[in-house]
Trainee: 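This is the structure I have questions about; it appears just below.
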Number of protein chains: 2
Amino acid sequence: MIRDSRLSSVLHALLHMAEHDGPMTSEALGRCLAANPVVVRRTMGLLRDAGLVASERGHAGGWRIVADLETVSLRRLHEALGEPAIHALGHRHETPSCLVEQAVNAALGQAMAEAEALLLDRFAQVTLADLARDFARRHAEVRAQKG
Amino acid sequence: MIRDSRLSSVLHALLHMAEHDGPMTSEALGRCLAANPVVVRRTMGLLRDAGLVASERGHAGGWRIVADLETVSLRRLHEALGEPAIHALGHRHETPSCLVEQAVNAALGQAMAEAEALLLDRFAQVTLADLARDFARRHAEVRAQKG
DNA sequence: AATCATGTAACTAGTGATGTTACATGAAGG
DNA sequence: CCTTCATGTAACATCACTAGTTACATGATT
Ligand code: FES
Ligand code: FES
């Protein structure tokens with residue numbers, strides 16, 4: 001089980017919703033993601049708290065996007081999910097008194113900080129609209145091959 | 001205990017060993033790392049399998065470095081540890097049939113691959129000797145401040 | 001009123017490093 | 001020889017975290 005696939009999940013869900021008319025229920029999204037509806041609510045609830053989606057109960061209820069696809073970047077979604085840890089590696093002690101460990105943490109920490117900065121920068125430069133366009137391109141390719 | 005701190009641990013241990021005459025026991029290293037001696041053996045055993053350190057039993061036994069500090073990079077240590085996953089994030093499905101998920105995985109995967117490549121590159125450019133020199137510099141700084 | 005769908009709490013499952021106990025194996029010293 | 005020391009390794013517990021599941025309350029629509 002990979003550690004955290006929520007960013008991947010919400011992206012899949014959001015693009016689905018973008019291509020879909022009207023709200024989508026947690027159960028429908030759960031079927032698409034092969035995930036449990038309660039987990040969908042749990043995760044989408046974080047996006048709702050961030051003002052990116054809205055939820056409604058009752059008949060014809062479900063989830064819908066309330067943000068502009070052009071302005072929502074992967075980084076904003078990452079933040080909406082609570083900025084979970086990106087790296088699986090870490091230090092043993094954060095603020096060691098030992099000089100050796102300080103040297104080790106400095107070297108490791110700098111490399112990891114650079115990698116994290118790069119990743120967040122890439123995340124900031126990709127929007128939901130970009131992904132929707134990429135999907136449309138892939139879709140057209142497949143149709144062209146079949147036809 | 002939140003994440004994988006083995007690379008940090010072995011770096012700390014190796015630099016300790018580098019500054020120390022004769023082999024160091026797992027118990028002594030465990031005291032320095034605030035770790036269990038069995039865990040030390042477990043982790044150092046991977047470095048031994050990679051030919052970076054040697055272990056001996058009995059009186060005056062313990063661990064010692066058998067590689068050149070100048071040639072052992074953080075990346076080589078990372079490999080010796082079995083190249084554990086660097087990212088805490090991941091995809092839900094690796095090879096999805098759904099085009100939406102393919103687009104999502106492509107975008108996420110590229111960003112993560114770039115970040116991982118950068119991190120491994122930084123790891124490749126730092127050797128144990130570099131860290132030892134950094135430690136010596138910090139040590140001199142502290143002595144200068146005290147004196 | 002019945003139905004649908006979210007909101008949320010509470011619990012379980014699975015994963016992987018780390019902690020711990022226990023015992024076998026081999027090397028040095030007496 | 002035999003005691004001591006230290007590694008080698010198995011087996012199991014612990015911890016943190018996401019994901020899965022069950023159960024029930026709440027609110028909106030019909
Ligand atoms: S399963 Fe619905 S588009 Fe991915
Ligand atoms: S505790 Fe020994 S140098 Fe870090």
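First the proteins, then the strands, lettered A, B, ... as listed; each starts at 1.
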Trainee: Can you check whether A:Ser5 has a side-chain N or O nearer than 4.0 Å to OP1 or OP2 of D:dA19?
Mentor: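 A:Ser5 to D:dA19 OP1/OP2: side-chain N or O found under 4.0 Å.
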Trainee: Are B:Gln145 and B:Glu141 close enough that a side-chain donor and a side-chain acceptor fall under 3.5 Å?
Mentor: no
Trainee: Roughly, in whole Å, what's the span from NE2 in B:His78 to P in C:dA17?
Mentor: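 Value for this atom pair: 12 Å.
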Trainee: From the list D:dT21, C:dT6, C:dG19, which nucleotide is the closest neighbour of the side chain of A:Ser55?
Mentor: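 Nearest to the side chain of A:Ser55 among the choices is C:dT6.
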Trainee: Of A:Val39 and B:Thr25, whose closest DNA chain D nucleotide lies nearer the 5' terminus?
Mentor: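 Counting from the 5' end, the first nearest nucleotide belongs to B:Thr25.
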Trainee: Look at the side-chain N and O atoms of B:Asn36 and state whether any lies under 4.0 Å from the OP1 or OP2 oxygen of C:dT20.
Mentor: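 For C:dT20, OP1 or OP2 has a side-chain N or O of B:Asn36 closer than 4.0 Å.
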Trainee: Could you state the CE-P distance from B:Met44 to D:dT7, rounded to the nearest angstrom?
Mentor: 10 Å
Trainee: Take the protein atom CG of A:Leu29 and the nucleotide atom C1' of C:dG7, then report the distance between them rounded to whole Å.
Mentor: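 Whole-Å distance recorded here is 16 Å.
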Trainee: Measure the distance from CG on A:Leu7 to C1' on D:dT18 and round it to the nearest whole Å.
Mentor: 14 Å
Trainee: Quick check: are there more than 12 heavy atoms from other residues, nucleotides or ligands sitting under 6.0 Å from CD of B:Glu27?
Mentor: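 No, because the 6.0 Å sphere around CD of B:Glu27 holds 12 heavy atoms or fewer from other groups.
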Trainee: With respect to A:Leu52, which candidate in A:Val66, A:Leu77, A:Leu128, A:Ile65 satisfies the side-chain contact (heavy atoms from CB on, under 4.5 Å) definition?
Mentor: A:Leu77
Trainee: Rounded to whole angstroms, how far apart are CG on B:Asp4 and C1' on D:dC17?
Mentor: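 Taking CG of B:Asp4 and C1' of D:dC17, I get 15 Å after rounding.
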Trainee: Please state how far atom CD in A:Glu27 lies from atom P in C:dT3, giving the value in whole angstrom units.
Mentor: 16 Å
Trainee: Between A:Gly45 and B:Pro84, which is nearer to the 5' end of DNA chain C once each is assigned its nearest nucleotide?
Mentor: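 Nearest-nucleotide comparison on DNA chain C picks A:Gly45.
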Trainee: Out of D:dT22, D:dT7, C:dT20, which has the shortest distance to the side chain of B:Arg41?
Mentor: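 Among the listed nucleotides, the one closest to the side chain of B:Arg41 is D:dT7.
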Trainee: So for A:Arg3 and C:dG14, does any side-chain atom that can act as donor or acceptor lie under 3.5 Å from a complementary atom in the base?
Mentor: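 Absent.
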Trainee: Among A:Val39, A:Val40, A:Leu47, which residue meets the side-chain contact (heavy atoms from CB on, under 4.5 Å) test with A:Thr43?
Mentor: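 That would be A:Val39; it is the only one of A:Val39, A:Val40, A:Leu47 passing the side-chain contact (heavy atoms from CB on, under 4.5 Å) with A:Thr43.
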Trainee: Counting heavy atoms from C-beta on, name the nucleotide in C:dT8, D:dA10, C:dG19 closest to the side chain of A:Val38.
Mentor: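 Of C:dT8, D:dA10, C:dG19, C:dT8 is nearest to the side chain of A:Val38.
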Trainee: Only one of A:Val126, A:Leu118, A:Leu120 clears side-chain contact (heavy atoms from CB on, under 4.5 Å) with A:Arg122; which?
Mentor: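 The passing option is A:Leu118.
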Trainee: Taking donor-acceptor contacts at under 3.5 Å, does the side chain of B:Arg57 reach the base of C:dT25?
Mentor: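 Answer is yes: a donor-acceptor pair is held.
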Trainee: If you check every side-chain atom of A:Arg48, which of D:dC5, D:dT7, C:dT6 has the closest atom?
Mentor: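 Looking only at heavy atoms from C-beta outward on A:Arg48, the closest nucleotide is C:dT6.
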Trainee: Starting at CG of A:Leu46 and ending at P of D:dT18, how long is that distance when rounded to a whole Å?
Mentor: 10 Å
Trainee: Whole Å only: how far is the CE atom of B:Met24 from the P atom of D:dC5?
Mentor: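 The answer, rounded to whole Å, is 18 Å.
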Trainee: Using only side-chain N and O atoms of A:Arg64, determine if any of them is under 4.0 Å from OP1 or OP2 of C:dT6.
Mentor: no
Trainee: Can you identify which nucleotide, out of D:dG8, C:dT6, D:dA19, has its nearest atom closest to the B:Trp63 side chain?
Mentor: D:dG8
Trainee: More than 12 non-hydrogen atoms from neighbouring residues, nucleotides or ligands closer than 6.0 Å to CD on B:Glu79, yes or no?
Mentor: yes
Trainee: On DNA chain D, check which nucleotide each of B:Arg42 and A:Pro37 is closest to and give me the residue with the more 5' one.
Mentor: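 Residue closer to the 5' terminus by nearest nucleotide: B:Arg42.
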